[in-house]
Protein chains: 2
Amino acid sequence: MDQVERILAQWRAERPDLDVAPMGTIGRVKRLNVHLSQGMERVITAHGLTAAGFDVLATLRRAGPPHALSPSALIAWTMVTSGTMTNRIDRLEEAGLVTRRRDPDDGRGSVVALTDAGFALIDQVVGEHVANQHRLTEALSDDERARLDELLGKWLASFED
Amino acid sequence: MDQVERILAQWRAERPDLDVAPMGTIGRVKRLNVHLSQGMERVITAHGLTAAGFDVLATLRRAGPPHALSPSALIAWTMVTSGTMTNRIDRLEEAGLVTRRRDPDDGRGSVVALTDAGFALIDQVVGEHVANQHRLTEALSDDERARLDELLGKWLASFED
DNA sequence: CTCCAATAGTTTGACGTCAAGATAAACCAA
DNA sequence: TTGGTTTATCTTGACGTCAAACTATTGGAG
């Protein structure tokens with residue numbers, strides 16, 4: 001019995017008129033997200049990165065050569081606002097992990113690219129990060145994880161189409 | 001195909017040495033949590049509340065009479081730090097939605113209780129909130145939601161035991 | 001051509017959160 | 001008792017985030 005079940009039991013006692021089944025599902029997603037974020041944060045901060053910075057570096061790394069994207073593209077991948085992305089890029093630039101140049105084809109735009117140091121760092125941290133993610137999902141069998149992916153994917157698609 | 005599938009495809013192309021299956025599951029939880037938080041926020045802010053304040057009021061409400069808990073208990077239910085909870089209670093107290101008294105039985109502790117205004121507000125907002133949660137889970141059938149609950153519950157229990 | 005709406009990023013100000021340290025009371029072993 | 005440890009809460013300072021306003025550039029309608 002997880003903590004969410006206790007929360008639902010309280011609501012059923014206090015507000016039996018409400019059908020709180022969806023609250024249970026949503027609550028589990030929320031609490032799981034907190035536990036997972038905390039679990040991933042340790043590995044990331046151990047390398048002097050923040051979760052926010054890691055997110056951007058990883059997006060550039062997996063985009064493939066030349067490991068460069070516009071702030072707009074980074075925003076679309078990472079689900080943050082433009083102001084947040086400006087701030088993230090500022091800090092990564094200060095740290096020497098990315099560069100920011102004007103887009104030669106569009107005077108409004110710019111291009112954010114991994115530096116050699118940024119590439120080396122993210123490429124190493126991602127390895128540990130993935131290993132850590134395996135640990136964090138250990139409680140589920142491969143089959144269970146696959147069934148979970150299918151259900152989460154269907155739900156997620158309802159928001160991202 | 002959700003956005004996470006595209007992210008995994010990029011990693012598989014760039015770093016075929018990594019098994020990114022767990023990243024997919026964790027990524028879906030994270031993105032779903034963002035969509036759900038945004039979807040719930042609108043209903044909550046429409047009543048002049050923040051998600052943070054709602055969280056505390058709801059915890060007090062479902063605890064049942066006399067709708068009063070210590071900051072420690074609120075911290076345990078809501079997964080935030082003590083400093084965060086102090087700040088949340090401060091704001092709710094300013095808004096006249098809760099009161100804070102010293103615990104007569106323990107001079108270190110205190111008791112946070114819903115005011116009549118706080119009770120009336122949360123009791124109304126929760127109704128709309130639950131209806132909204134039904135909307136947010138519409139993409140899944142009852143059976144799918146139940147299977148999802150079982151898998152999420154098992155995973156969550158691995159962190160909360 | 002000339003505007004003017006749309007687009008790309010940045011800036012600003014406020015807020016929620018956290019980690020770490022401070023304070024005060026309670027507990028407990030000697 | 002007494003002194004040290006633990007517990008409960010608050011304070012402080014820094015950071016990440018957002019919404020909204022702002023600047024600069026582009027692109028299309030007339």
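Throughout, protein chains are lettered first and strands after them, A, B, ... in sequence-line order, and every chain is numbered starting at 1. It should be emphasised that the depicted structure is a prediction, and the values quoted were computed from it without experimental measurement.
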When the distance from [atom1] of [X] to [atom2] of [N] is rounded to whole Å, what number comes out?
X	N	atom1	atom2	result
A:Ile75	C:dT7	CD1	P	14 Å
B:Asn87	C:dC15	CG	P	10 Å
A:Asp90	C:dT12	CG	C1'	13 Å
B:Leu92	C:dC15	CG	C1'	14 Å
A:Asp105	C:dT7	CG	P	19 Å
B:Asp106	C:dT23	CG	P	20 Å
A:Met85	D:dC15	CE	P	19 Å
B:Phe54	C:dG16	CZ	P	16 Å

**Q.** Residue mapping more 5' on DNA chain D - nearest nucleotide basis, B:Gly83 or A:Ala52
**A.** B:Gly83
Can you tell me if the side-chain N/O atoms of [X] get under 4.0 Å from OP1 or OP2 in [N]?
X	N	value
A:Thr84	D:dC18	yes
B:Arg88	C:dT17	yes
B:Arg108	D:dT6	no
A:Thr86	C:dT10	yes
A:Arg91	D:dG16	yes

Would you call [X] and [Y] a salt bridge, taking side-chain N to carboxylate O under 4.0 Å as the test?
X	Y	answer
B:Asp2	A:Lys154	no
B:Arg62	A:Glu14	no
B:Arg12	B:Glu5	yes

(Q) So, using side chain to side chain donor-acceptor pair (under 3.5 Å) as the criterion, who are the partners of A:Arg108 when residues are at least two apart? (A)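 By the side chain to side chain donor-acceptor pair (under 3.5 Å) rule, A:Arg108 matches A:Asp106.
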(Q) Categorize A:Arg100 for me: base, sugar-phosphate, or nothing, with a 4.0 angstrom heavy-atom threshold over every strand shown. (A) sugar-phosphate
Q | Base of D:dC10 paired with side chain of B:Ser82 (donor-acceptor, under 3.5 Å) | A |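 Checked by distance alone, the answer is yes.
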Q. Side chain to side chain contact (heavy atoms under 4.5 Å, CB included) with A:Leu92: which of A:Val98, A:Leu60, A:Thr50?
A. A:Val98
